[in-house]
There are 2 protein chains.
Amino acid sequence: MKKRRNTPTKEAVLEVLSKTGKAMSQDAIEQKIDIDINRATIYRVLNRFCDDGIVHRVVAEDGKQYFALCVKCEDNKEPSHHFHFRCLRCETIECLPVEVNFTIPDEYLVENVNCVLTGTCRDCSRI
Amino acid sequence: MKKRRNTPTKEAVLEVLSKTGKAMSQDAIEQKIDIDINRATIYRVLNRFCDDGIVHRVVAEDGKQYFALCVKCEDNKEPSHHFHFRCLRCETIECLPVEVNFTIPDEYLVENVNCVLTGTCRDCSRI
DNA sequence: TTATTTATTGCGATTGTATTGCAATATTAC
DNA sequence: GTAATATTGCAATACAATCGCAATAAATAA
């Protein structure tokens with residue numbers, strides 16, 4: 001892996017993702033960051049994070065990419081392949097602690113799993 | 001529902017989807033059709049099919065939309081929410097006869113399920 | 001068959017997401 | 001401090017998908 005450098009951009013993006021705990025689009029991330037960072041830069045940072053296994057990418061059925069921190073601490077472990085929920089009201093995507101299970105013939109080589117449920121999330125359905 | 005008319009475009013699109021039995025992008029459909037049909041028209045036809053429940057739409061992690069016939073005959077029934085498999089080699093998407101199961105708190109209102117596995121399909125892994 | 005209604009189509013323009021090339025900048029190691 | 005190079009900003013680009021509008025064609029009535 002290519003050597004990485006510490007930059008304000010990286011820290012800012014990580015902080016935002018860490019704070020919300022949800023999957024965010026580049027646009028949402030940019031809005032939450034106080035300093036001004038170029039769009040392309042944010043994408044590049046996010047893609048690097050993905051390469052390094054720090055965040056994972058979800059593509060929702062709106063065709064957009066969303067990025068979320070890979071949570072791997074003990075008490076809040078998320079399954080490697082988990083469902084995501086996109087709320088149409090609050091426009092957020094959360095990682096559900098629900099594992100994606102499936103049985104598929106051995107001949108298939110699964111390299112990636114992308115599962116998104118869409119609707120109204122718990123918080124919004126209460127209102 | 002608004003009244004539909006029969007057009008060569010509709011028939012051509014349906015025939016292509018029926019023949020392959022897979023989920024296809026607008027681009028792939030256009031290439032498989034012998035007559036010349038405008039891009040926007042194909043999208044409109046497909047969107048109408050989705051509205052009418054004739055085809056369903058899948059968004060893969062490449063951010064593109066793929067459309068597949070809703071199979072509902074007796075011996076080849078596909079689960080309402082099923083997994084899809086996108087093969088990176090042959091660049092096709094097939095509907096797997098594998099149901100998507102998950103348990104999620106009642107407060108969530110699930111309106112849509114979009115699950116795509118990506119990798120190498122059965123046929124391509126043999127080679 | 002002809003006329004009328006309006007769903008459908010083609011075309012070009014447009015929107016929006018994401019990426020890329022290149023020069024400038026900033027970080028790390030020496 | 002200096003050198004090497006990872007990172008950034010900017011503008012341009014690629015691509016999927018949609019939209020407005022005028023033209024066309026399918027379904028129905030006359």
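By convention in this document, chain letters (A, B, ...) are assigned in the order of the sequence lines, proteins followed by strands, and residues within each chain are numbered from 1. A quick note: this is a predicted structure, and the numbers were derived from the prediction, not measured.
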Can you run down the salt bridge (charged side-chain N to carboxylate O under 4.0 Å, His left out) pairs that involve residues 28-47 of chain A, sequence neighbours left out, and say none if there aren't any?
none
Side chain to side chain donor-acceptor pair (under 3.5 Å) partners for B/Asn101, two or more places apart:
none
Could I get the full list of side chain to side chain contact (heavy atoms under 4.5 Å, CB included) partners for A/Leu14, not counting sequence neighbours?
A/Phe49, A/Ile54, A/Leu69
Over the length of the helix from C/dT1-D/dA30 to C/dC30-D/dG1, how much do the five-pair end axes diverge, rounded to 10 degrees?
30°
Starting at CD1 of B/Ile37 and ending at C1' of D/dA17, how long is that distance when rounded to a whole Å?
17 Å
Partner residues of B/Ser25 under the side chain to side chain contact (heavy atoms under 4.5 Å, CB included) criterion, sequence neighbours left out
B/Asp27, B/Ala28, B/Lys64, B/Tyr66
Ring-plane angle category for A/His56 and A/His84, please: parallel below 30°, perpendicular beyond 60°, tilted otherwise.
tilted
In this structure, how many angstroms lie between the C1' atom of C/dA18 and the CD atom of A/Glu30, rounded?
13 Å
Base, sugar-phosphate alone, or nothing: which one does B/Thr9 contact when heavy atoms must sit under 4.0 Å apart?
sugar-phosphate
Side chains of B/Arg57 and B/Asn47: do they bring a donor and an acceptor to under 3.5 Å?
yes
A correct 5'-to-3' footprint of nucleotides 19-30 of chain C, with B, S and - meaning base, sugar-phosphate only and no protein heavy atom under 4.0 Å, is BBB----BBS--
Please give, in whole Å, the distance from C/dT15 P to A/Asp27 CG?
16 Å
Distance check needed: C/dT8 P versus B/Lys10 NZ, whole Å only.
6 Å
Select base, sugar-phosphate, or nothing to describe what A/Asp62 touches, counting heavy atoms under 4.0 Å on all strands.
nothing
What ring-ring contact (aromatic ring centres under 6.0 Å, His included) pairs are there with at least one residue in residues 90-111 of chain A, not counting sequence neighbours?
A/Phe102-B/Phe83, A/Tyr108-B/Phe85
Residues touching DNA chain D, which here means a heavy atom under 4.0 Å, drawn from residues 13-20 of chain B:
none
Quickly work out the B/Ile42 CD1 to D/dC19 P distance and round it to whole Å.
17 Å
Give every residue pair that meets the salt bridge (charged side-chain N to carboxylate O under 4.0 Å, His left out) criterion with at least one member in residues 116-127 of chain A, sequence neighbours excluded.
A/Asp123-A/Arg126
Sorted by chain and number, sequence neighbours left out, salt bridge (Lys or Arg N to Asp or Glu O under 4.0 Å) with B/Glu15 holds for B/Lys19
A/Arg48 CZ to D/dT5 P: how many Å, rounded?
17 Å
Whole angstrom is fine here: how far is it from CG in A/Leu46 over to P in D/dT7?
14 Å
Set of residues satisfying side chain to side chain contact (heavy atoms under 4.5 Å, CB included) with respect to A/Glu111, sequence neighbours excluded
B/Leu88, B/Thr120
A/Cys90: side chain to side chain contact (heavy atoms under 4.5 Å, CB included) partners, not counting sequence neighbours
A/Cys87, A/Thr92, A/Cys121, A/Cys124
From CG of B/Asp36 over to C1' of C/dC11, roughly how many Å is that when rounded to an integer?
12 Å
